[in-house]
Amino acid sequence: MSKKTIHILAIESSCDDTGAAVLKNNRVLSNEVAGQKVHAAYGGVVPELASRAHQQNIVPVVDQALKIANVNKSELDAIAFTRGPGLMGSLLVGTSFAKSLSIALDIPLIPVNHMQAHVLAHFIQDDSQKQPPFPFLCMTISGGHTQILRVNSHEEFEILGETIDDAVGEAFDKTAKLLGLPYPGGPLIDKNAKEGNPLAFSFSEPKTPNPLDFSFSGFKTAILYFLQKEQKKDSKFIENNMNDICASVQRSLVNILMNRLKLASEQTGINHVAIAGGVSANSEIRSTLKAMENEMGWITYIPKFEYTTDNAAMIGIVGYYKYLNKDFSTENIIAASRLDINK
Ligand code: KG4
Ligand code: ZN
């Protein structure tokens, strides 16, 4: 029996990117993102401004995604949207839009957990990605989250370790801010690090009661004190050493991440290892993970670049699996700024 072709429109609005994508089954036909430059001047995301920008962007971004996919609204089988976790004012825009469109078109509404979506981005059918078998380990590293998961199925996620304070993306962005770089600073640290010496400076690894957990607030404070101390000796310390500082900070953060991931693999005996989330766009984490294939005998999974930072295609793939399970919601569903990984 031939399977029906399903078209899903997916919407992402959890933080500061407004995304819309159209999927034909598990393939992406379009994946549009409107970023929000307005936050750069403030050194971080301003929630009130983010929701206003989503309000402005959502209609044009959805129109563009349908146009590029060459799919008419009447051909859609379901609307998937990010229910949470994220900024409430941002989530409400995508949630309300998705509800209205699903009522207007009389098609199912599918709420999606943003954290599941980062992980399941690996299951988007794309020639440049391979799909991990279950169970596999996934380290989700983003501006809001840092966790190591044992992924048992498309629906079952077990948290083995997670941050007890800041996310690793915040460690990148806050360090960048201390260095006078604009928000989001993660990609700029990555760029500068390519020209620097990663062994120029060293920063100690924070300890946590659960060795698989992370803590980055102490790391950020250590960088602050280090810079203050050095600037007393040389007022131009930052500009004279920018690339070396970036390379050293990045090396330390990557080491913290990889040490936990190696421990998780040893403890579980699982050697299929994936990364996901915005920080998995980082060139050093990508090359270091790849090197583990020889060093540790891992089989590694790195998402295609455009599926790492916040995007709607990853919301669409979760929507696809939920559609197959007929896991729909009513229009009474509400956005949730905090959401358990399995909800
Ligand atoms: O997944 P994402 O787009 O949004 C959240 O759900 O948080 O992740 C954004 C984070 C930001 O902290 C940004 O600085 C970081 O990902 N990021 C990077 C790189 N590209 C994005 N961090 C380090 N190196 C990069 N190349
Ligand atoms: Zn995200």
Problem set entry | With Phe226 via ring pair (Phe, Tyr, Trp, His ring centres under 6.0 Å) - residues at least two apart | Phe201, Phe203, Phe237

Exercise. Considering only heavy atoms from C-beta outward, does the side chain of Tyr321 approach that of Val112 to under 4.5 Å?
Worked result: no

For this session: Keeping to residues at least two apart or across chains, list the side chain to side chain donor-acceptor pair (under 3.5 Å) pairs with something in residues 246-263.
Result: Glu205-Asn259, Glu205-Arg260, Gln250-Asn282, Gln250-Glu284, Arg251-Glu284

Problem set entry | Pairing residues for Phe328 by the ring pair (Phe, Tyr, Trp, His ring centres under 6.0 Å) criterion, not counting sequence neighbours | Tyr323

Exercise. Taking only residues at least two apart or on different chains, which pairs with a member in residues 83-113 satisfy ring pair (Phe, Tyr, Trp, His ring centres under 6.0 Å)?
Worked result: none

Exercise. Under the salt bridge (charged side-chain N to carboxylate O under 4.0 Å, His left out) rule, what pairs show up with a residue in residues 63-84, not counting sequence neighbours?
Worked result: Lys4-Asp77

For this session: State whether the side chain of Asn311 and the backbone N or O of Met314 hold a donor-acceptor pair below 3.5 Å, judged by distance alone.
Result: yes

For this session: Please answer whether the main-chain N or O of Ser215 pairs with a side-chain N or O of Asp165 as donor and acceptor at a distance below 3.5 Å.
Result: no

Exercise. Which residue pairs pass the ring pair (Phe, Tyr, Trp, His ring centres under 6.0 Å) test when at least one of the two sits in residues 46-95, sequence neighbours left out?
Worked result: none

Exercise. Going by the side chain to side chain donor-acceptor pair (under 3.5 Å) test, which pairs reach into residues 43-53, not counting sequence neighbours?
Worked result: none

Problem set entry | Donor-acceptor contact below 3.5 Å, side chain Asp213 vs main chain Glu162 | yes

For this session: Name all residues meeting the side-chain hydrogen bond (donor to acceptor under 3.5 Å, both in side chains) criterion together with Glu156; count only those two or more places apart in sequence or in a different chain, and write none if there are none.
Result: Asn152

Seminar exercise, completed: For residues 259-284, the ring pair (Phe, Tyr, Trp, His ring centres under 6.0 Å) pairs (sequence neighbours left out) are His272-Tyr301

Problem set entry | N-O pairing of Glu239 and Lys236 below 4.0 Å | no

For this session: For Glu12 and Thr82, test the side chains for any donor-to-acceptor distance below 3.5 angstrom and give the result as yes or no.
Result: yes

Exercise. Pairs in or reaching into residues 6-37: which pass ring pair (Phe, Tyr, Trp, His ring centres under 6.0 Å), with residues at least two apart or in two chains?
Worked result: none

Seminar exercise, completed: Contacts satisfying side chain to side chain donor-acceptor pair (under 3.5 Å) that involve residues 94-108 (not counting sequence neighbours) are none

Problem set entry | Student check: side-chain heavy atoms of Thr309 and Asp17 closer than 4.5 Å | no

Exercise. Would you say Ser142's side chain and Gly277's backbone share a donor-acceptor pair under 3.5 angstrom?
Worked result: no

For this session: Report yes or no: does Asp244 contribute a side-chain atom to a donor-acceptor pair with the main-chain N or O of Asn197 at less than 3.5 Å?
Result: yes

Exercise. Salt bridge or not for Asp173 and Lys177, using N-O below 4.0 Å?
Worked result: no

Exercise. Do Asn25 side-chain atoms and Thr5 backbone N/O form a donor-acceptor pair below 3.5 Å?
Worked result: no

Problem set entry | Pairs touching residues 122-141 that satisfy salt bridge (charged side-chain N to carboxylate O under 4.0 Å, His left out), sequence neighbours left out | Asp126-Lys304

Exercise. Between His114 and His118, how do the two ring planes meet: parallel, tilted or perpendicular, split at 30° and 60°?
Worked result: perpendicular

